[in-house]
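To keep things clear, I will list the structure first and then write my remarks on it.
Within every chain, numbering begins at 1; the chains are lettered A, B, ... in the order of the sequence lines, protein sequences first and strands thereafter. Here the structure is a predicted model, which means the values were calculated and not measured.
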There are 2 protein chains.
Amino acid sequence: MKQNSKLSLALHALGHMARAPGTPMTSDLIAQHNATNPVVVRRVLGLLREQGVVRSDKGHAGGWQLARPADQITVADVYTAIAEPFVSPVELGPTTCAIQRAMFETVQAAQTEAEQVILRHFRERSLQDLADAMDGAISPLHPTKTPL
Amino acid sequence: MKQNSKLSLALHALGHMARAPGTPMTSDLIAQHNATNPVVVRRVLGLLREQGVVRSDKGHAGGWQLARPADQITVADVYTAIAEPFVSPVELGPTTCAIQRAMFETVQAAQTEAEQVILRHFRERSLQDLADAMDGAISPLHPTKTPL
DNA sequence: TTTCATGTAACTATATTGGTTACGAGAATC
DNA sequence: GATTCTCGTAACCAATATAGTTACATGAAA
């Protein structure tokens with residue numbers, strides 16, 4: 001796995017869950033599909049469970065599945081559950097320097113708006129949209145490939 | 001120094017340079033002001049020199065100064081010279097999975113627009129704006145504190 | 001009771017980042 | 001010309017963050 005890997009892992013796994021509602025996926029299976037470790041999968045999906053996005057069950061026929069229909073879960077739900085914003089805020093220690101404060105304000109304003117843009121994008125995408133990609137259905141947000 | 005430290009260091013230093021045009025600042029002085037090391041300062045400002053934002057001179061009365069007037073250098077110039085975008089693109093290895101590709105497109109679209117937003121903000125700010133902050137002048141982008 | 005699966009702690013491995021040391025080169029001063 | 005000041009850069013070290021791994025406990029179904 002590489003960077004931003006948690007979100008990739010989560011979205012990929014949930015996308016597949018969206019295609020087989022009611023059929024739990026095991027951490028082991030997900031790990032294999034993503035060239036990683038079951039424990040890592042549990043760590044990531046555990047964050048989603050805390051936010052009520054997925055549920056997990058132990059024992060035979062156990063595993064992970066969506067907590068509600070795929071069209072009622074947005075990419076933003078997953079993104080915020082991961083709790084790792086793309087733009088991590090700059091920090092400003094105690095300073096008396098007006099230049100530093102001015103710089104900080106500028107950077108922070110840009111970062112805040114950037115993060116909002118990301119959330120806006122992600123709110124417009126459901127897991128169902130991702131799952132539909134497998135049927136060759138192209139999302140309305142990329143009309144370039146529309147059949148006609 | 002902490003995270004995003006390069007940009008902070010650079011903007012802080014250049015902000016001060018903007019207030020004393022023609023007077024070079026040494027790496028040593030900048031390092032002290034930022035609780036870091038002269039070598040680190042040279043590494044960061046070296047990136048800016050490559051992009052023609054600052055110049056450096058050796059020997060007595062040497063040091064760093066702006067390569068052009070402060071009102072002709074934007075925060076975006078500095079930001080891009082640092083070459084460390086706030087939103088680092090997700091990577092997608094070779095995959096045949098349509099869900100992964102759909103996910104990748106969604107994330108990438110959001111990231112691209114977010115980065116554009118950041119650049120737009122930064123292009124509207126010059127080093128002169130930052131320097132003016134020391135005179136109590138409040139930037140037009142934060143009219144809340146306008147004297148009246 | 002065995003097996004399957006998650007839950008979680010603890011440790012290890014690796015990558016990134018910044019800090020440090022060391023040495024070289026050019027420019028001004030003495 | 002020698003000294004001093006400054007940047008330029010390579011090489012190494014330390015700290016941090018992230019993911020991978022092992023180990024063991026818990027709960028549920030067969």
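- Considering only side-chain N and O atoms, B:Ser5 lies under 4.0 angstrom from the phosphate OP1 or OP2 of C:dG18.
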### Task
Might you work through the salt bridge (charged side-chain N to carboxylate O under 4.0 Å, His left out) test for B:Arg19 and B:Asp135, ending with a clear yes or no?
CA-CA 10 Å; B:Arg19 289 189 56 81; B:Asp135 303 320; 3.2 Å; yes

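- Sequence neighbours left out, the pairs with a member in residues 69-92 of chain B that pass ring-ring contact (aromatic ring centres under 6.0 Å, His included) are B:Tyr79-B:Phe86, B:Tyr79-B:Phe122.
- Residues A:Val117 make up the rest of the hydrophobic cluster containing B:Val117, defined by ILVMFWY side-chain heavy atoms closer than 4.5 Å, directly or through other members.
- The shortest non-hydrogen separation linking B:Gln111 to B:Ser88 is NE2-O, 3.4 Å.
- Between A:Arg43 and A:Gly62, the residue anchored closer to the 5' end of DNA chain C is A:Gly62, taking for each the nucleotide with the nearest heavy atom.
- Remark: P of D:dT6 and CH2 of B:Trp64 are 14 Å apart, rounded to the nearest angstrom.
- The distance from atom CD of A:Gln65 to atom CG of A:Leu45, rounded to the nearest 0.5 Å, is 12.5 Å.
- In this entry the distance linking CG of A:Asn37 with P of D:dT22 reads 8 Å, nearest Å.
- Atom pair A:Ile82:CD1 and D:dT18:C1' shows a separation of 14 Å (rounding to whole Å applied).
- For A:Leu9 and D:dG20, the CG to P distance is 9 Å, given to the nearest whole Å.
- For A:Ser56, the side-chain hydrogen bond (donor to acceptor under 3.5 Å, both in side chains) criterion is met by A:Arg49, not counting sequence neighbours.
- Relative to the side chain of B:Arg49, the nucleotides D:dG8, C:dG18, D:dG20 differ in distance, and D:dG8 lies closest.
- Comparing atom distances between the B:Val40 side chain and each of C:dG7, D:dT6, C:dT20 picks out C:dT20 as nearest.
- The shortest distance between the side-chain N/O atoms of B:Ser27 and the OP1/OP2 oxygens of D:dC7 is below 4.0 Å.
- Here D:dT6 presents its P atom at 11 Å from CD of B:Gln32, a figure rounded to the nearest Å.
- Remark: nothing in residues 11-24 of chain B comes within less than 4.0 Å of DNA chain C through any heavy atom.
- Rounded to whole Å, atom P of D:dC5 lies 11 Å from atom CG of B:Asp28.
- At whole-Å resolution of the value, CD in A:Glu84 and P in D:dA17 are 12 Å apart.
- Applying the side-chain contact (heavy atoms from CB on, under 4.5 Å) rule to A:Thr112 yields the partners A:Gln108, A:Gln116; only residues at least two apart in sequence or on another chain are considered.
- Distance alone, capped at 3.5 Å, is enough to place a donor-acceptor pair between the B:Asp77 side chain and the B:Thr74 backbone.
- In terms of phosphate contacts, B:Thr36 brings a side-chain nitrogen or oxygen within less than 4.0 Å of OP1 or OP2 of C:dG19.
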### Task
Sugar-phosphate means primed atoms, P, OP1 and OP2; the rest is base. With that split, encode nucleotides 22-30 of chain C 5' to 3' as B, S or - using protein heavy atoms under 4.0 Å.
B--BBBBS-

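- Put simply, the side chain of B:Thr36 never gets that close to the backbone of B:Gln32: no donor and acceptor are under 3.5 Å apart.
- For the pair A:Leu47 CG and C:dT8 P, the computed distance is 11 Å after rounding to whole Å.
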